[in-house]
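By convention in this document, chain letters (A, B, ...) are assigned in the order of the sequence lines, proteins followed by strands, and residues within each chain are numbered from 1.
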Amino acid sequence: MHEIAIASNLYKIVLEELGKNEPITRLKKIKLKIGKLTAVVPEALKFSWAAITKDTQIEGSELEIEDIPILLKCSSCGEEFSIEYPIFICINCNSTKTRIITGRELDIVSLIVE
Amino acid sequence: MTEIKIIKKVLAANDAIAELNLKFFAEKGILTMDIMSSPGSGKTLILEKTIARLKDKYKCGVIEGDVSTTNDSVRLQKLGVEVVQINTDAFGGDCHLEAEWIKDAALNFDLDNLDILFVENVGNLVCPAEFQTGMDFNIVILSTPEGEDKPVKYPLMFRESQVMIINKMDLLPYLDIDVKLMKDNAKKINPELKILSLSAKTEEGFDEWIEWIETEVEKKKVPLRIKVQEKKSD
């Protein structure tokens, strides 16, 4: 359940950003990008967010999570490909030298406010 | 309705402290390792046997992470090494260690005389992989009874580690386990992964592990020696 720790990191960032953008009446939504290779369960993160923001000024705000697929680039032949299973081997030339292009995101993208 | 663009890593604060930890220990010439595994795979026994072999030659310190109890610290203190316990129940029973706690815990050691710092993370194959602590090496231990498929089930841990130790090799006669398949599964996720097979109980395969640590400790000291020489020649 490290989603609680992630939610509390997120809470700090959100409050800091809101502080820069006054006056805001209500925070509606937080857009996030979460890569498939992170060890984050979106449902657990949403649950943690509700628990952490309860009785605060941003209670009721929602997380909108965009799942980002794992995209690799082969360092040998340059092939770019996405993977469903954790096999980091080039589908074109079988090289084991691949670079992760997307899939490790745990990023906050924007805040939707009223 | 307005959209405020941010684009920021949620764990940026932890990553920044991990980066500082890495630099801090490098300046002190201390080899640092974050030891991770599921509960019961043998982290503490491996540390006990490792420290027993190294302690006459190198000064070792341990940061011990557990949700609760000081059982593992007590075991390691018997070896006469400095141990700092972090019980995460004070932080809400967290399932992992964070970079800042390592930074604070490290201040308890006599850092100018320390050669190796071992961090024994909380037993868990998921959460610690997401939180960098800023050690030189992430070391994942997988014991033979846990099964060949664990790397595939917990890919991030095996991707983020540089060394994998397969422990409990002495149990192979009693298990239907294919160690080659276990290794192949790990290599599919991380082809660069260094894999060592050993038994903490019988110490079979331990020499290679100890030799690897000794090589890495010496590498950490090279930049410091160069600095000292530069000072002398000034």
Atom of A39(A), atom of E130(B) and distance for their closest heavy-atom approach: N-OE1, 2.7 Å

Least distance between heavy atoms, L37(A) atom then L156(B) atom: O-CD1, 3.3 Å

N-O pairing of E3(B) and K31(A) below 4.0 Å: yes

Heavy-atom contact with chain B under 4.5 Å, split by part of K33(A): neither

Note: R104(A)-E160(B) ion pair, threshold 4.0 Å (strictly below): yes

Nearest heavy-atom neighbours spanning I6(A) and V10(B): O-CG1, 3.7 Å

For I13(A) against K9(B), the heavy-atom pair lying closest together: CD1-O, 3.7 Å

Counterpart residues, ring pair (Phe, Tyr, Trp, His ring centres under 6.0 Å), relative to F131(B) (two or more places apart): H96(B)

Top of N9(A), T98(A), I83(A), V40(A) for chain B proximity - count of heavy-atom pairs under 4.5 angstrom: N9(A)

Straight-line distance of K8(B) NZ to I108(A) CD1, nearest 0.5 Å: 8.5 Å

Note, I7(B) side chain near D107(A) side chain (heavy atom, < 4.5 Å): no

Heavy-atom closest contact (I6(B) atom, L111(A) atom, distance): CD1-CG, 3.5 Å

Step-by-step side-chain contact (heavy atoms from CB on, under 4.5 Å) determination, T96(A) to K187(B): CA-CA 9 Å; T96(A) 54; K187(B) 286 275 189 185; over 6 Å; no

Identified side chain to side chain contact (heavy atoms under 4.5 Å, CB included) partner of P86(A) from the options N190(B), N185(B), V152(B): V152(B)

Stepwise side-chain contact (heavy atoms from CB on, under 4.5 Å) check, T2(B) with I112(A): CA-CA 6 Å; T2(B) 326; I112(A) 310 288; over 6 Å; no

Presence of salt bridge, K97(A) and E192(B), under 4.0 angstrom: yes

Qualifying side chain to side chain donor-acceptor pair (under 3.5 Å) pairs, either residue in residues 38-48 of chain B, two or more places apart: S37(B)-S41(B), S37(B)-K43(B), S38(B)-E146(B), T44(B)-D72(B), T44(B)-E120(B), E48(B)-R75(B)

Over 12 foreign heavy atoms within 6.0 Å of NZ, K220(B): yes

Top contributor to chain B contacts, counting heavy-atom pairs under 4.5 Å, from I89(A), T38(A), L32(A), L10(A): T38(A)

E114(A) side-chain N/O to M1(B) backbone N/O, donor-acceptor pair under 3.5 Å: no

Approximate separation, where rounding is to 0.5 Å, of F88(A) CZ and R159(B) CZ: 5.0 Å

